[in-house]
Amino acid sequence: MDNRETTDLPRRKVVLAGIGAAGVVAALAACGSSGGSTNGSAPADNSNGTDSSGGDSGSPDGGDTSGGGGSAAPIKIADVPAGGGAVFAEQNVVVTQPTAGTFKAFSATCTHQGCQVNRVQNGTIDCPCHGSQYSITDGSVKTGPAPRPLAGKTVTVNGDTLTIS
Ligand code: FES
């Protein structure tokens, strides 16, 4: 019985030593994580650093890439029906395909009072505000009160997409 107790003691010491070591590791980890959370609890520093450095360095590169795309994001040819067209409101453009394979693009801003045209049907681009209608072929006024044709834009075909500029 005595032997067992003496035998157990060293084991407990080893176990305790192990816990102690683990405790130290845990304490170090806690310090590390608390330090991390301290950094994390200062989001203003992090966001400012990210915005100023990442934003500045990212903008020129992104601007070149998406700048071409931002002002003239590619439009899928499949979205522009032959013999008709479609309004791309976010880009404020109307793209038409008067005859198969021929694409035209115009500003979607009505020349009457500046509403955005919202529909292409029956060969015309229609404004919802006062009923002006423009030709899908050249943007000319088919029905007033619009005083002028829609402003034309350049269409570039790139495979199965169109770039408007
Ligand atoms: Fe388009 Fe008046 S703004 S018809």
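Just so it is clear, the values below take in all heavy atoms, side chains as well, and ignore hydrogens, waters and symmetry mates.
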> Do Thr96 and Ile125 come within less than 4.5 Å of each other through their side chains, counting heavy atoms only?
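Yes, at least one pair of side-chain atoms sits under 4.5 Å.
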
> Check side chain to side chain donor-acceptor pair (under 3.5 Å) between Asn158 and all other residues, then give those that pass, not counting sequence neighbours.
Thr163

> Do Cys129 and His112 have side chains that approach each other closer than 4.5 Å (heavy atoms only, starting at C-beta)?
no

> Does some side-chain heavy atom of Ile77 sit less than 4.5 Å from a side-chain heavy atom of Phe103?
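They are in side-chain contact.
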
> Side chains of Ser132 and Asp126: do they bring a donor and an acceptor to under 3.5 Å?
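Side-chain D/A pair, Ser132 to Asp126: absent.
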
> Can you tell me how far the OG atom of Ser135 sits from the CG atom of Leu150, to the nearest 0.5 Å?
9.5 Å

> Indicate yes or no for a side-chain donor-acceptor contact from Gln97 to the backbone of Gly101 under 3.5 Å, with no hydrogens or angles considered.
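It does hold such a pair.
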
> Which distance, rounded to the nearest 0.5 Å, do you find between the CD1 of Ile75 and the CG of Asp160?
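So the CD1 of Ile75 and the CG of Asp160 are separated by 12.5 Å.
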
> Over all heavy atoms of both residues, which pair between Pro98 and Thr102 is shortest? Give the atoms and the distance, please.
CD-O, 3.2 Å

> Going by distance alone, is a donor N or O of one side chain under 3.5 Å from an acceptor N or O of the other, for Tyr134 and Thr143?
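No, no side-chain donor-acceptor pair sits under 3.5 Å.
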
> Closest heavy-atom contact between Ile136 and Val120?
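Scanning both residues completely, I find the closest heavy atoms to be CG2-CG1, 3.7 Å.
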
> Are Lys153 and Val93 packed together at the side-chain level, in the sense that at least one heavy-atom pair is separated by less than 4.5 angstrom?
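When only atoms from C-beta onward are counted, Val93 and Lys153 do touch, with a gap below 4.5 Å.
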
> Which heavy atom in Arg148 sits nearest to a heavy atom in Thr111, and how many Å separate them?
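Answer, listing the atom of Arg148 first, then Thr111: O-OG1, 2.6 Å.
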
> Rounded to the nearest 0.5 Å, what separation is found between the OG atom of Ser140 and the CZ atom of Phe106?
8.0 Å

> Taking all non-hydrogen atoms of both residues, which atom of Asp79 and which atom of Ala86 are closest, and how far apart?
O-CB, 3.5 Å

> If every non-hydrogen atom of Gln116 is compared with every non-hydrogen atom of Ala89, which pair is closest and at what distance?
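The pair with the smallest heavy-atom distance is NE2-O, 3.1 Å.
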
> Can you tell me how far the NE2 atom of His130 sits from the SG atom of Cys115, to the nearest 0.5 Å?
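Answer rounded to 0.5 Å: 6.0 Å.
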
> Can you confirm whether Thr109 sits close enough to Asn92 that some side-chain heavy atom of one is under 4.5 Å from a side-chain heavy atom of the other?
yes

> Could you pull out all residues at least two apart from Thr137 that satisfy side chain to side chain donor-acceptor pair (under 3.5 Å)?
none

> For a 4.5 angstrom cut-off between non-hydrogen side-chain atoms, does Val95 reach Phe88?
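Yes, side chains in contact.
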
> Specify the closest pair of heavy atoms between Val87 and Asn118, including all atoms of both residues, with the distance to one decimal.
CG2-C, 3.8 Å

